[in-house]
Enquirer: 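Pasting a structure below so you can have a look.
Convention: sequence-line order gives letters A, B, ...; per-chain numbering from 1.
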Amino acid sequence: MQSESETSVRLRFAPSPTGYPHLGNIRTALFNWFFARHHGGKFILRIEDTDIARKVEGAVEVILDSLRWLGLDWDEGPYFQSQRLPIYHEIARKLLEEGRAYLCYCSPERLDTMRQEQTKRKQPPKYDRHCRDLTQQERTRLEATGITPVIRFKTPLEGETNFHDLIYGQITFKHDTLDDFVLLKSDSYPTYHLANIVDDHLMSISHVLRAEEWLSSTPRHVLLYQALNWQPPQFAHLPMILGPDRAKLSKRHGATNINEYQKQGYLPDAMINFLALLGWSIDDRTELLSKEELIKHFSLERVGKTAAIFNKDKLEWMNGVYLRKLSLGEFVQQAMPFLDRELPESVRRPLDENYVSEVLSLIQERAKTLAEVPQLASFFFLDELQYDTGLFLKRKMDAKSAAEAITIASRKLEKVATWDAATLEGILRLLATELNLGTGEFFGLLRVAVTGRTAAPPLFQTMAVLGKVKCLKRFDMALQLLSTCL
RNA sequence: GCCCCCAUCGUCUAGCGGCCUAGGACAUCAGCCUUUCAAGCUGAAGAUCAGGGGUCCGAAUCCCCUUGGGGGCACCA
């Protein structure tokens with residue numbers, strides 16, 4: 001019994017190209033994908049491009065790219081609803097002929113003033129069913145005007161619709177709170193309600209996982225399935241992802257589009273892991289899960305009902321974990337495009353891969369995102385550092401003794417033959433003792449000279465990677481600067 | 001205004017009647033490690049389980065009310 005139903009598991013992700021996919025959209029795609037893969041079913045991609053006015057150029061490509069980036073592969077599609085118009089027309093006509101729908105000639109202006117008045121009277125804005133029961137005479141008169149009518153669904157006036165949601169349970173809507181919604185627009189495109197259920201049926205979708213914002217339109221969909229004598233799919237509404245202000249995710253929340261996270265240097269697997277935990281959990285402690293583990297353990301029973309607020313701090317932490325888990329080779333490969341793009345033009349291209357690799361071995365555990373890498377590593381690549389005098393003088397030493405310490409260190413280092421971290425450490429530790437300086441103080445001073453900053457990777461490794469020539473040159477530059485402070 | 005949904009630390013969450021004097025993670029703070037930063041380790045603080053009624057021997061867990069939050073109410077999806 002189980003295996004029989006497993007073979008017919010068909011999920012779909014059905015975005016509309018009216019914008020770029022945001023975290024909520026992607027989370028929905030992800031859960032659909034998890035569910036399909038968990039059950040060995042199919043994952044279908046369908047583009048719901050029925051709103052020509054709001055269509056955003058290039059959005060489809062961004063959607064596909066985002067899914068590819070995350071590794072959410074699909075088995076069918078993408079189907080485009082704009083290419084299936086005749087199908088919707090046929091169904092709409094059928095509904096019309098069977099008396100389950102009707103032509104409506106009301107102008108947008110009339111509908112608008114109607115709604116305004118309803119709102120003013122604190123009534124729920126609903127279509128007043130003006131055209132639902134037109135006489136034959138009225139109909140012919142309106143047809144003669146040349147107005148292109150829309151097709152509206154004839155919602156039952158009484159009774160109620162129940163359905164079972166896999167996550168929210170039994171849901172009931174009274175028919176008198178619904179109105180006669182539009183099925184086919186006057187531009188001959190179907191509305192979401194029509195196109196969505198027609199395609200879900202025709203594509204044999206078994207489970208509809210979508211955001212909770214759709215919960216209140218589900219009775220309409222159920223009514224449509226009934227009118228067409230079709231078996232509705234199983235519905236599972238997913239809790240919303242909200243912005244920090246607890247409102248629906250939108251542009252004003254800053255980075256919400258998934259491609260921005262790609263640009264900021266988040267890893268697909270970290271993104272997936274993080275998003276999976278927004279509304280779903282495996283147990284009371286496990287946080288880090290691979291894609292494979294997520295597929296294996298995903299279950300609707302463990303999806304919660306409460307909206308989640310997107311918490312960027314945790315995403316950053318998780319991305320850092322994933323970054324550190326990468327092999328050095330993988331990390332270099334991932335970070336290279338960021339370095340190439342962000343490092344100043346003065347840095348010679350192409351970047352030397354061996355050198356980059358040595359540098360990044362010191363950066364890897366310090367980066368939370370790939371976008372931070374160029375900034376963390378820049379001093380390894382620049383010829384001249386922009387020193388901030390304050391960083392030298394902030395220390396306990398005055399400019400004179402600082403310059404002396406650097407001079408002595410520089411002289412000593414000039415004679416070093418084997419330039420590696422261990423050798424450098426031996427020499428400089430000894431020197432610190434000789435100079436009667438604390439290691440923190442002495443190494444800190446040298447760090448500023450070598451890197452131009454107070455926070456950097458370990459000094460000796462940094463110097464080893466940088467090489468003798470560059471280090472000595474930086475000592476000179478630091479001394480020059482210090483001499484102006486004397 | 002009407003309809004629907006939801007309600008555990010700041011945030012993500014565990015909890016599906018007794019294991020809870022409520023567990024984990026992020027963030028925060030402190031200590032350790034240490035040449036700085038990061039990472040790591042240890043610890044602290046942080047939720048009278050929104051409030052009030054029930055049910056029950058026993059409730060964060062079940063029921064009702066209140067409050068709060070969210071979503072929907074287009075020829076948008």
Enquirer: Mind checking the C1' distance from rA47(B) to rC9(B)? Whole angstroms is fine.
Expert: 4 Å
Enquirer: Under a 3.5 Å cut-off for both contacts, is rC20(B) paired Watson-Crick or G-U wobble with anything, and if yes, with which nucleotide?
Expert: none
Enquirer: Applying salt bridge (Lys or Arg N to Asp or Glu O under 4.0 Å) as the test, list every pair that has at least one member in residues 237-257 of chain A; sequence neighbours left out.
Expert: E213(A)-K248(A)
Enquirer: Got a sec, which residues hit salt bridge (charged side-chain N to carboxylate O under 4.0 Å, His left out) with R27(A), two or more places apart in sequence or on another chain?
Expert: none
Enquirer: Mind checking if C104(A) touches a base, just sugar-phosphate, or nothing, with heavy atoms under 4.0 Å?
Expert: nothing
Enquirer: Just checking V182(A): base, sugar-phosphate only, or nothing, at a heavy-atom cut-off of under 4.0 Å?
Expert: sugar-phosphate
Enquirer: What nucleic acid atoms does P457(A) come within less than 4.0 Å of, heavy atoms only: base, sugar-phosphate, or nothing?
Expert: base
Enquirer: By the 4.0 Å heavy-atom rule, please label R302(A) as base, sugar-phosphate, or nothing.
Expert: sugar-phosphate
Enquirer: Using the P atom as the point on both nucleotides, what is the distance between rC63(B) and rU55(B), in whole Å?
Expert: 15 Å
Enquirer: Could you please name the option among rC5(B), rU11(B), rA74(B) that lies closest to any side-chain atom of I171(A)?
Expert: rC5(B)
Enquirer: Let's see if you can work this out: which of rA14(B), rC2(B), rA38(B) has an atom nearest to the side-chain heavy atoms of P124(A)?
Expert: rC2(B)
Enquirer: Which residue pairs pass the salt bridge (Lys or Arg N to Asp or Glu O under 4.0 Å) test when at least one of the two sits in residues 265-283 of chain A, sequence neighbours left out?
Expert: D269(A)-K291(A)
Enquirer: Of the options rC76(B), rA74(B), rC4(B), whose atoms approach the side-chain atoms of D51(A) most closely?
Expert: rC76(B)
Enquirer: Assess the side chains of N162(A) and T172(A): does a donor N or O sit below 3.5 Å from an acceptor N or O?
Expert: yes
Enquirer: Please state the C1' separation for the pair rA59(B) and rG51(B) - nearest whole angstrom.
Expert: 16 Å
Enquirer: Can you see if the side chain of S281(A) gets near the phosphate of rA14(B) - specifically, an N or O under 4.0 Å from OP1 or OP2?
Expert: yes
Enquirer: With the threshold set at 4.0 Å, does a side-chain nitrogen-carboxylate oxygen contact exist between D388(A) and R453(A)?
Expert: no
Enquirer: For the residue pair S290(A) / E293(A), report whether a side-chain donor-acceptor contact shorter than 3.5 Å exists.
Expert: yes
Enquirer: In the structure shown, which nucleotide is the Watson-Crick or G-U wobble counterpart of rA7(B), with both distances under 3.5 Å?
Expert: rU67(B)
Enquirer: Would you please confirm or rule out a distance under 4.0 Å between OP1 or OP2 of rC12(B) and any side-chain N or O of R27(A)?
Expert: no
Enquirer: Could you say whether A308(A) or P15(A) is positioned toward the 5' end of RNA chain B, judged by the nucleotide with the nearest heavy atom to each?
Expert: A308(A)
Enquirer: Can you see if the side chain of K185(A) gets near the phosphate of rC76(B) - specifically, an N or O under 4.0 Å from OP1 or OP2?
Expert: yes
Enquirer: Could you tell me which non-hydrogen atom of F173(A) sits nearest to which non-hydrogen atom of L178(A), and how far apart they are?
Expert: CD2-CD1, 4.4 Å
Enquirer: When you get a sec, tell me which of rA77(B), rA7(B), rC5(B) is the closest nucleotide to the side chain of T306(A)?
Expert: rA7(B)
Enquirer: Which is true for P190(A) with a 4.0 Å heavy-atom rule: it touches a base, it touches only sugar-phosphate, or it touches nothing?
Expert: sugar-phosphate
Enquirer: Report which part of the nucleic acid L459(A) touches: base, sugar-phosphate, or nothing (heavy-atom distance under 4.0 Å, all strands).
Expert: base
Enquirer: Looking at rC33(B), which nucleotide sits across from it as a Watson-Crick or G-U wobble partner, both distances under 3.5 angstrom, or is there none?
Expert: none
Enquirer: Just call it for T50(A): base, sugar-phosphate, or nothing, with non-hydrogen atoms closer than 4.0 Å on any strand.
Expert: sugar-phosphate
Enquirer: Judged by atom type as modelled, is there a donor-acceptor pair below 3.5 Å linking the side chain of R100(A) to the main-chain atoms of L95(A)?
Expert: no
Enquirer: Can you give me the closest heavy-atom contact between A276(A) and F34(A), atom names plus distance?
Expert: CB-CE1, 3.8 Å
Enquirer: Report yes if at least one side-chain N or O of R324(A) is closer than 4.0 Å to OP1 or OP2 of rG40(B); otherwise report no.
Expert: yes
Enquirer: Between the protein and nucleotides 64-71 of chain B, list the N/O to N/O atom pairs that are separated by less than 3.5 angstrom.
Expert:
{"residue": "rG69(B)", "atom": "O2'", "partner": "R246(A)", "partner atom": "NH1", "Å": "3.1"}
{"residue": "rG71(B)", "atom": "OP1", "partner": "K248(A)", "partner atom": "N", "Å": "2.8"}

Enquirer: Would you mind telling me which of rG72(B), rC6(B), rC12(B) lies closest to the side-chain atoms of R220(A)?
Expert: rG72(B)
Enquirer: Using distance alone, with no hydrogens and no angle criterion, decide if Q81(A) and Y189(A) have a side-chain donor and acceptor under 3.5 Å apart.
Expert: no
Enquirer: Would you classify P239(A) as touching base, sugar-phosphate or nothing, given that sugar-phosphate means primed atoms plus P, OP1 and OP2, and contacts are heavy atoms under 4.0 Å?
Expert: nothing
Enquirer: Considering only the P atoms, how many Å lie between rU66(B) and rC73(B), rounded to the nearest integer?
Expert: 25 Å
Enquirer: Rounding to the closest angstrom, what is the interatomic distance between rC4(B) and rC41(B) at atom C1'?
Expert: 49 Å
Enquirer: For nucleotides rG15(B) and rA50(B), find the distance between their P atoms and express it as a whole number of Å.
Expert: 16 Å
Enquirer: Using atom P in both nucleotides, what's the gap between rC49(B) and rA60(B) to the nearest angstrom?
Expert: 7 Å
Enquirer: Figure out the CD/P separation between E372(A) and rA39(B), and round it to whole Å.
Expert: 11 Å
Enquirer: Might you point out which heavy atoms bring L278(A) and A308(A) nearest each other, and give the distance in Å?
Expert: CG-CB, 4.1 Å
Enquirer: Can you tell me if R152(A) touches the phosphate of rC75(B), counting only side-chain N or O atoms and a distance under 4.0 Å to OP1 or OP2?
Expert: yes
Enquirer: Any chance you could list the contact pattern along nucleotides 23-31 of chain B? Use B for base contacts, S for sugar-phosphate-only contacts and - for none, protein heavy atoms under 4.0 Å, 5' to 3'.
Expert: BBBBS----
Enquirer: Using a heavy-atom cut-off of 4.0 Å across all strands, would you classify G279(A) as base, sugar-phosphate, or nothing?
Expert: sugar-phosphate
Enquirer: I'd like the C1' distance from rG69(B) over to rU8(B), given in whole Å.
Expert: 15 Å
Enquirer: Which pairs count as salt bridge (Lys or Arg N to Asp or Glu O under 4.0 Å) when at least one residue sits in residues 172-187 of chain A, sequence neighbours excluded?
Expert: R129(A)-D180(A), R132(A)-D180(A), D179(A)-R220(A)
